[in-house]
Amino acid sequence: MSTKQTGSRFRVGLTGGIGSGKSTVAAAFADLGIAVVDADIVARAVVPPGSDALAQISTHFGEQVLTADGELDRARLRQIVFADSTAKNWLNQLLHPRIRQQMLQQLDSTASPYSILVAPLLLENQLDRLVDVVLVVDVMPETQLSRTMQRDRNSAELVQSIMAAQCSRAERLAAADYVIDNEAPPAMLAGEVAKLHRIFLQLAEEKLAKSPT
């Protein structure tokens, strides 16, 4: 079993398949004053124009992966790596250490009683090593497909390929310590988050009390 790297502060790993509503759940926790670190935002922050990482990416894949403003064209890069496992592995080896370092720095600098790490690939990239518990936002695969097609205006084929690249619903649920059913009416979500918030506050207090001073 891998060793968790969570320090003395309590951390919740929030994950779910594409289109499950992770951002909505994370925003509900943020409304309660909880610090949220979003892996997708961190991933964008490590490749700004002029960065070494972006230079390596453009050298490897060509200027086709850059926008006219010199930023990373994430949609174009996503199309390339989903079709080429070798390219995906190269990109992961370049970016994952940088992303992990930034996430840890942000998690360590939070001031709220506990923090939440939002990561679509929390389990796939073994980021669950960085958290104390895993919270899964769960919906049916059919819901993932329809929501993502409406939100991103992507084809069913592209969305299905993204879903296939993520771990299965059964695998996520098997790894979950807590689950939010996001098929329920939106009005019920706030109550579910509030209930988990109380649980996490208690767990955070217990962990802090056990930590060496």
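Note that this is a predicted model, so its numbers are computed, not measured.
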Decide side chain to side chain contact (heavy atoms under 4.5 Å, CB included) for Leu77 and Phe61; before the verdict, give the C-alpha distance in whole Å, the side-chain angles of both, and the deciding distance to 0.1 Å. CA-CA 8 Å; Leu77 183 59; Phe61 293 105; 3.8 Å; yes
Working for side chain to side chain contact (heavy atoms under 4.5 Å, CB included), residues Val139 and Ser20: CA-CA 6 Å; Val139 296; Ser20 60; 3.9 Å; yes
Under the side chain to side chain contact (heavy atoms under 4.5 Å, CB included) criterion, do Val134 and Thr15 qualify, and how do the steps go? CA-CA 8 Å; Val134 173; Thr15 193; 4.3 Å; yes
Apply salt bridge (charged side-chain N to carboxylate O under 4.0 Å, His left out) to residues Asp128 and Arg11 and explain how you reach the verdict. CA-CA 10 Å; Asp128 53 319; Arg11 301 174 185 167; over 6 Å; no
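One finds the CG atom of Asp132 at 8.5 Å from the CG atom of Leu203 (value rounded to the nearest 0.5 Å). In this structure, Glu206 CD and Leu208 CG are separated by 11.0 Å, a value rounded to the nearest 0.5 Å. Distance check: Met103 CE to Ile41 CD1 gives 12.5 Å after rounding to the nearest 0.5 Å. Here Ile180 contributes atom CD1 and Met188 contributes atom CE; the two are 11.0 Å apart, rounded to the nearest 0.5 Å.
With sequence neighbours left out, the ring pair (Phe, Tyr, Trp, His ring centres under 6.0 Å) criterion links Phe200 to Tyr114, Tyr178. Listed by chain and number, the residues in a side-chain hydrogen bond (donor to acceptor under 3.5 Å, both in side chains) with Glu205 amount to none (sequence neighbours excluded). Considering only residues two or more places apart in sequence or on other chains, Ala28 meets the side chain to side chain contact (heavy atoms under 4.5 Å, CB included) condition with Val193. Glu124 pairs by the side-chain hydrogen bond (donor to acceptor under 3.5 Å, both in side chains) definition with nothing, not counting sequence neighbours. The salt bridge (Lys or Arg N to Asp or Glu O under 4.0 Å) check on Lys195 picks up Glu192, with sequence neighbours excluded. Taking Ser168 as the reference, Ala170, Glu171 meet the side chain to side chain contact (heavy atoms under 4.5 Å, CB included) condition, with sequence neighbours excluded. Residues passing the side chain to side chain contact (heavy atoms under 4.5 Å, CB included) test with Ala45: none are found, sequence neighbours excluded. Considering only residues two or more places apart in sequence or on other chains, Gln105 meets the side-chain hydrogen bond (donor to acceptor under 3.5 Å, both in side chains) condition with none of them. For the side chain to side chain contact (heavy atoms under 4.5 Å, CB included) test, residues two or more places apart in sequence or in another chain that qualify with Leu173 are Val136, Asp138, Arg169, Val179.
Contact record, Gln106 with Ser109: O-OG, 3.0 Å, taken as the closest heavy-atom pair. Contact between Ser112 and Ala35 at its shortest, heavy atoms only, is OG-N, 3.0 Å. The minimum heavy-atom distance linking Leu201 with Pro113 is given by the pair CD2-CB, 3.6 Å. For the residue pair Ser115 and Ile34, the shortest heavy atom distance occurs at CA-CG2, 4.2 Å. Heavy atoms only, all atoms of each residue included: Val36 and Val118 are closest at CG1-CG2, 3.5 Å. For the residue pair Leu123 and Cys167, the shortest heavy atom distance occurs at CD1-SG, 4.1 Å.
Sorted by first and then second residue, the ring-ring contact (aromatic ring centres under 6.0 Å, His included) pairs involving residues 14-43 (not counting sequence neighbours) form an empty list. Residues in residues 55-69 take part in these side chain to side chain donor-acceptor pair (under 3.5 Å) pairs, two or more places apart or across chains: Asp52-Gln56, Gln64-Arg76. Here side chain to side chain donor-acceptor pair (under 3.5 Å) pairs that include residues 84-93, with residues two or more places apart or in two chains, are Asn92-His96.
Using modelled atom types, one side-chain atom of Lys207 and one backbone atom of Arg9 make a donor-acceptor pair closer than 3.5 Å. Proximity of a side-chain donor or acceptor of Asn125 to a complementary backbone N or O of Leu127 within less than 3.5 Å is not detected. No donor-acceptor pair closer than 3.5 Å links the side chain of Glu71 to the backbone N or O of Leu66. Between the side chain of Gln166 and the backbone N or O of Ile18, at least one donor-acceptor pair lies under 3.5 Å.
No chain of hydrophobic side-chain contacts below 4.5 Å, direct or via other Ile, Leu, Val, Met, Phe, Trp or Tyr residues, connects Leu121 to Val42.
Side-chain contact between Leu117 and Val12 is absent, with no heavy-atom pair separated by less than 4.5 Å. Residues Asp40 and Pro120 meet the side-chain proximity criterion, which asks for heavy atoms closer than 4.5 Å. A 4.5 Å side-chain heavy-atom check between Leu135 and Asp177 finds every atom pair outside the cut-off. In this structure, Arg100 and Leu130 have side chains that are in contact, with non-hydrogen atoms separated by less than 4.5 Å.
Side-chain contact annotation: Arg129 with Gln126, donor-acceptor N/O pair under 3.5 Å present.
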